[in-house]
J.: 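The structure follows.
Side chains included, hydrogens not; waters and symmetry mates left out as well; all remaining heavy atoms used.
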Amino acid sequence: MQRVTVLSAICLGGIAITGAMAQGLPGVTDAEQVSENVWRIPGSGGNTIVFVRSDDIVLVDTKVPGQGDAIMEQVRSISDKPITMVINTHSHPDHVGSNSYFRENHGVQVVAQAKTAARMQAEGGPFPPNTVDMEFANYRQIGEGEDRIELHYFGAGHTDGDAFVVFPEDRTMMAGDIYAWHMSPLIDPGSGGSMLALPTTVTAAYYNVPEVDRVIAGHGSVHTREEFLSWVTFNRGLVQVAEETAQRGGTPEDALAQLESMPSFAVFMGDTPLPGLEYGGTPRGRAYINLMVAFEELRGEEAQLRMGIDPSEIPARSQ
């Protein structure tokens, strides 16, 4: 039931993006070159990645439904090579929404991590099943040489099927929504997401994929390996503070104040929505949400999905 809720909420967010462009929310915008063969197409859901290979093009994620033509316009500004494959980082409809366009018009092969594939292909909820042609459990290599793509799975976080897509020759990694907007991520418990598991997962990603200089967020921009590590460190710290505070009988509000006392975490505790943030709130709001999720998991309670939070519900900063 909770999975239907998050999918509906994200779908409604996608509709709001489409219907409210005149109010300043971003649609699909111009592709930005990330490295020699990798481009990022922002807007209308998650980032879509374009990887130009010797003879074809591979896409990673396809935004909300109805964005196929807009994605194609950007792809054709880069290359006329055929699109043969779509890789999905996870199952949310702001990342798989236009898969059907590419299957129907280009005959692409769709690839996803096994747990993500199961969710994509499941009946029920507000969205039709999404076909997956190739699955992987923990690792899969696609192609050779400069065309090589490496797919990694290290555990739960945003969902229980978050894939890291690596382009080794370009020293670039697409992280999906486990790493979005350079702030603590949305946790979707209904899709197997876990705040307590996230630090272990992203730490494994950092150390097991060392030859990467650029990390593309699922939403937002491109970050350095050093920035990615600082984000990993923050989320490790968030869970550690939650555990220590809970052991003392404290509350998520107490833990939030503790996080705010750490100068190195200030960049992840801002009160201003980040550019392109269609949903999810401010970095500080998301940190508070994930402290609440961590406390629920620590207590053995069913963790709640929180897409965002009213600013009035976020505790005032301690003086």
J.: Between Arg171 and Asp213, is there a side-chain N and carboxylate O pair less than 4.0 Å apart?
T.: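 Yes, this pair counts.
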J.: Surrounding CD of Gln33 (heavy atoms of other residues, nucleotides or ligands, distance under 6.0 Å), is the total greater than 12?
T.: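 Atom CD in Gln33 is crowded, with more than 12 foreign heavy atoms closer than 6.0 Å.
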J.: May I ask you to decide if Asp271's main-chain N or O and Thr282's side chain share a donor-acceptor pair within less than 3.5 Å?
T.: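 Such a contact is absent between Thr282 side chain and Asp271 backbone.
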J.: What's the shortest heavy-atom distance between Phe295 and Ala255, and which atoms?
T.: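 Nearest pair, atom of Phe295 first, then Ala255: CE1-CB, 4.2 Å.
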J.: Under a 4.5 Å cut-off applied to non-hydrogen side-chain atoms, are Val110 and Met120 in contact?
T.: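 Result yes, sub-4.5 Å side-chain heavy-atom pair found.
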J.: One pair to check against side chain to side chain contact (heavy atoms under 4.5 Å, CB included): Leu198 and Val239. What are the steps and the verdict?
T.: CA-CA 9 Å; Leu198 182 134; Val239 169; over 6 Å; no
J.: Name all pairs fulfilling the side-chain hydrogen bond (donor to acceptor under 3.5 Å, both in side chains) condition that reach into residues 197-210, sequence neighbours left out, sorted by first residue then second.
T.: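 Those involving residues 197-210 are Thr203-Arg236.
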J.: Applying side-chain hydrogen bond (donor to acceptor under 3.5 Å, both in side chains) to Asp61 and Thr48, what does each step give before you reach the verdict?
T.: CA-CA 5 Å; Asp61 289 346; Thr48 294; over 6 Å; no
J.: Under the side chain to side chain contact (heavy atoms under 4.5 Å, CB included) rule, what do Glu302 and Glu297 come out as? Steps first, then yes or no, please.
T.: CA-CA 7 Å; Glu302 181 179 357; Glu297 291 187 51; over 6 Å; no
J.: With no hydrogens and no angle check, do the side chains of Ser44 and Gln67 hold a donor and an acceptor under 3.5 Å apart?
T.: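 Short answer, yes.
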J.: In terms of hydrophobic clusters joined by side-chain contacts under 4.5 Å, are Val232 and Val241 together?
T.: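 Val232 and Val241: one cluster.
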J.: Phe164 and Met173: which non-hydrogen atoms are nearest, and at how many Å?
T.: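 Minimum heavy-atom separation between Phe164 and Met173: CD2-SD, 3.8 Å.
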J.: In terms of side-chain heavy atoms, does Thr159 have a donor or acceptor partner in Asp188 at a distance below 3.5 Å?
T.: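 Checked: Thr159/Asp188 side chains show no N/O donor-acceptor pair below 3.5 Å.
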J.: Can you name the nearest heavy-atom pair linking Glu32 to Pro42, along with the distance?
T.: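 Closest pair (atom of Glu32, atom of Pro42, distance): OE2-CG, 4.1 Å.
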J.: Using side-chain heavy atoms (C-beta onward) and a distance below 4.5 Å, is Lys63 in contact with Ile71?
T.: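 In short, these two side chains touch, coming nearer than 4.5 Å.
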J.: Quick one: pull up CG in Asn290 and CG in Leu186 and give me the separation to the nearest 0.5 Å.
T.: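 Result: 8.0 Å between the selected atoms.
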J.: Measuring from atom CG of Leu259 to atom CD of Gln240, what distance do you get when rounded to the nearest 0.5 angstrom?
T.: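 One gets 10.0 Å once the value is rounded to the nearest 0.5 Å.
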J.: Test side chain to side chain contact (heavy atoms under 4.5 Å, CB included) on Met269 and Leu256 and set out the steps.
T.: CA-CA 9 Å; Met269 299 292 288; Leu256 183 67; 3.5 Å; yes
J.: Rounded to the nearest 0.5 Å, what separates atom CD1 in Ile149 from atom CD1 in Ile142?
T.: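 Rounded to the nearest 0.5 Å, the CD1-CD1 separation comes to 5.5 Å.
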J.: Look up atom CZ in Phe51 and atom CD in Glu169, then write down how far apart they are to the nearest 0.5 Å.
T.: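 Nearest 0.5 Å value for the CZ-CD distance: 8.5 Å.
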J.: Within the 3.5 Å criterion, strictly below it, is a donor on Asn88 or Asn99 matched to an acceptor on the partner's side chain?
T.: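 Short answer, yes.
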J.: Go through the steps to decide whether Glu146 and Arg53 satisfy the test salt bridge (charged side-chain N to carboxylate O under 4.0 Å, His left out), and finish with yes or no.
T.: CA-CA 7 Å; Glu146 293 185 355; Arg53 303 199 296 182; over 6 Å; no
J.: Take the angle between the ring planes of His182 and Phe268 and call it parallel below 30°, perpendicular above 60°, tilted in between.
T.: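 Judged by the thresholds at 30° and 60°, the geometry between His182 and Phe268 is tilted.
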J.: Among the clusters formed by ILVMFWY side chains lying less than 4.5 Å apart, do Ile41 and Val52 turn up in the same one?
T.: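 Yes, one cluster joins them.
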J.: Any idea which heavy atoms bring Ala112 and Val132 closest together, and the distance?
T.: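 Closest approach of Ala112 to Val132: N-CG1, 4.0 Å.
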J.: Quick one: closest heavy-atom pair of Val34 and Thr172, and the distance?
T.: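 For Val34 and Thr172, the tightest heavy-atom pair comes out as CG1-CG2, 4.0 Å.
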J.: If only side-chain N and O atoms count, and only distance matters, is there a donor-acceptor pair under 3.5 Å linking Asp177 with His92?
T.: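 Result is no, nothing qualifies.
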J.: Would you please say whether a donor-acceptor pair under 3.5 Å links the side chains of Asp254 and Thr245?
T.: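 Absent: no donor and acceptor within the cut-off.
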J.: May I ask you to decide if the ring planes of His219 and His95 are parallel, tilted or perpendicular, using 30° and 60° as cut-offs?
T.: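 Taking His95 first and then His219, their aromatic rings stand perpendicular (interplane angle over 60°).
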J.: To the nearest 0.5 Å, what is the distance between CD (Gln109) and CD1 (Ile87)?
T.: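 These two atoms lie 9.5 Å from each other.
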J.: To check you understand the geometry: which heavy-atom pair defines the closest contact between Val96 and His90, and what is its length?
T.: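 For Val96 and His90, the tightest heavy-atom pair comes out as CG1-O, 3.3 Å.
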J.: Do Phe234 and Trp231 have their ring centres less than 6.0 Å from each other?
T.: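 Not close enough - the centres of the two rings lie 6.0 Å or further apart.
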J.: Distance only, no hydrogens: is a donor on one side chain within 3.5 Å (strictly under) of an acceptor on the other, for Arg286 and Ser184?
T.: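 No, Ser184 and Arg286 have no side-chain donor paired with an acceptor closer than 3.5 Å.
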J.: Nearest 0.5 Å please: distance from the OG atom of Ser191 over to the CG atom of Asp160.
T.: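 Nearest 0.5 Å value for the OG-CG distance: 7.0 Å.
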J.: Under 3.5 Å, is there a donor on one side chain and an acceptor on the other for Tyr288 and Glu313?
T.: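 Distance-only check fails for Tyr288 and Glu313.
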J.: Set out, in order, the CA-CA distance, both residues' side-chain angles and the distance that settles side chain to side chain contact (heavy atoms under 4.5 Å, CB included) for Ile57 and Val50, then state yes or no.
T.: CA-CA 7 Å; Ile57 291 172; Val50 182; 3.8 Å; yes
J.: Is the closest side-chain heavy-atom distance between Asp162 and Gln113 below 4.5 Å?
T.: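 They are not in contact (no side-chain heavy atoms under 4.5 Å apart), so the answer is no.
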J.: Aromatic ring centroids of Tyr179 and His223 under 6.0 Å?
T.: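 Under 6.0 Å, so yes.
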